[in-house]
Amino acid sequence: MNNKLSLSDILALDSLEAAPQLLGVLISRHLPQGLLSLRIVETEAYHQNDPASHSFRGITARTAPMFETGGTIYVYFTYGMHYCLNIVTGQKGAGEAVLIRAAEPLAGLEIMRKNRNTDDIYKLANGPAKLTQALGIKDTKLSGKKLNKSSIFLSAPENPIIAVDVVVARRIGISEAAQQPWRFYIKDNPFVSKLL
DNA sequence: TTCCCGATTGTA
DNA sequence: ACAATCGGGAAC
């Protein structure tokens with residue numbers, strides 16, 4: 001792994017390569033109430049040749065953003081009540097994305113506490129739908145928008161994650177048949193979604 | 001048009 | 001362990 005890659009370089013990678021590289025990267029959102037910022041600590045890779053991926057069956061109205069160029073945002077609605085945020089990676093037409101599963105809150109804590117209705121900092125964004133709640137994402141309007149050209153943007157970390165601190169694990173919430181070790185998280189980080 | 005189920009979370 | 005809750009996509 002190479003931590004000298006720029007963000008745009010990372011977004012151009014295959015999702016399996018990009019997912020671990022996105023650990024430690026800062027994700028932020030500008031809201032009228034203020035700036036929210038978090039450090040990504042857990043990701044999962046999805047790609048077109050992957051039965052568990054929404055892109056597996058091709059382009060639809062919902063999944064079209066997954067087939068856009070790296071840096072596009074893909075937001076989907078699930079379980080009748082939750083939204084999850086993905087960062088599309090790779091080339092246009094590839095159908096790849098990285099699900100942001102958990103992050104460490106850095107700025108805008110009071111706004112996130114209000115959005116999540118909890119004071120526990122460890123529970124603000126330790127799950128994909130908790131993260132979107134913390135960020136105030138309540139619909140799929142951001143899906144198809146570009147990072148850094150919308151309210152959501154990424155920025156390089158001051159202290160990049162080193163490869164030895166990245167743990168590889170099975171994805172969560174995926175049927176057994178499609179299980180693959182395509183989840184990545186920062187070792188011993190207390191803001192990850194689960195301890196397995 | 002009908003039916004099944006999910007890249008989850010909070011509560012019992 | 002399980003209900004909540006509804007849109008997407010496959011099947012009819």
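Just so it is clear: chains get the letters A, B, ... in the order the sequence lines come, proteins before strands, and each one is counted from 1. Both backbone and side-chain heavy atoms feed into the values below; hydrogens, waters and symmetry mates do not.
A heavy-atom distance below 4.5 Å is not found between the side chains of A:V88 and A:E96.
Note on ring orientation: taking the six-membered ring where Trp is involved, the planes of A:Y74 and A:H54 are perpendicular (angle over 60°, cut-offs 30° and 60°).
In the model, A:S193 has a side-chain atom that pairs as donor or acceptor with a side-chain atom of A:E42 under 3.5 Å. Remark: the A:T118 side chain and the A:K123 side chain contain no N/O donor-acceptor pair separated by less than 3.5 Å.
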Worksheet entry | Watson-Crick or G-U pairs under 3.5 Å in DNA chain C, rendered as dot-bracket with [ ] for crossing pairs and | for another strand | ||||.||||||.
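Relative to the six-membered ring of A:F184, A:R171 misses at least one condition, a distance below 6.0 Å or an angle of at most 45° to the axis.
In this structure, A:F56 has its ring center at least 6.0 angstrom away from the ring center of A:H47. Note: A:F191 and A:Y122 meet the aromatic proximity criterion, with ring centroids under 6.0 Å apart.
Side chain of A:S155 to backbone of A:I27: no donor-acceptor contact under 3.5 angstrom is found. Within the 3.5 Å criterion, the main-chain N or O of A:K146 finds a donor-acceptor partner in the side chain of A:S150.
In summary, A:E44 and A:R101 engage in a salt bridge, as defined by a charged side-chain N under 4.0 Å from a carboxylate O.
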Fill in: Where protein sits on nucleotides 7-12 of chain C, one letter per nucleotide: B base, S sugar-phosphate only, - none, heavy atoms under 4.0 Å
SSSS--
Where do N or O atoms of nucleotides 8-12 of chain B meet protein N or O atoms at under 3.5 Å, pair by pair?
{"unit_1": "B:dT8", "atom_1": "OP1", "unit_2": "A:R101", "atom_2": "NH1", "d": "3.2"}
{"unit_1": "B:dT8", "atom_1": "O2", "unit_2": "A:H82", "atom_2": "NE2", "d": "2.9"}
{"unit_1": "B:dT9", "atom_1": "OP1", "unit_2": "A:P128", "atom_2": "N", "d": "3.2"}
{"unit_1": "B:dT9", "atom_1": "OP1", "unit_2": "A:A129", "atom_2": "N", "d": "2.9"}
{"unit_1": "B:dT9", "atom_1": "OP1", "unit_2": "A:K130", "atom_2": "N", "d": "3.2"}
{"unit_1": "B:dT9", "atom_1": "O4'", "unit_2": "A:H82", "atom_2": "NE2", "d": "3.2"}
{"unit_1": "B:dG10", "atom_1": "OP1", "unit_2": "A:R116", "atom_2": "NH1", "d": "2.8"}
{"unit_1": "B:dG10", "atom_1": "OP1", "unit_2": "A:R116", "atom_2": "NH2", "d": "3.1"}

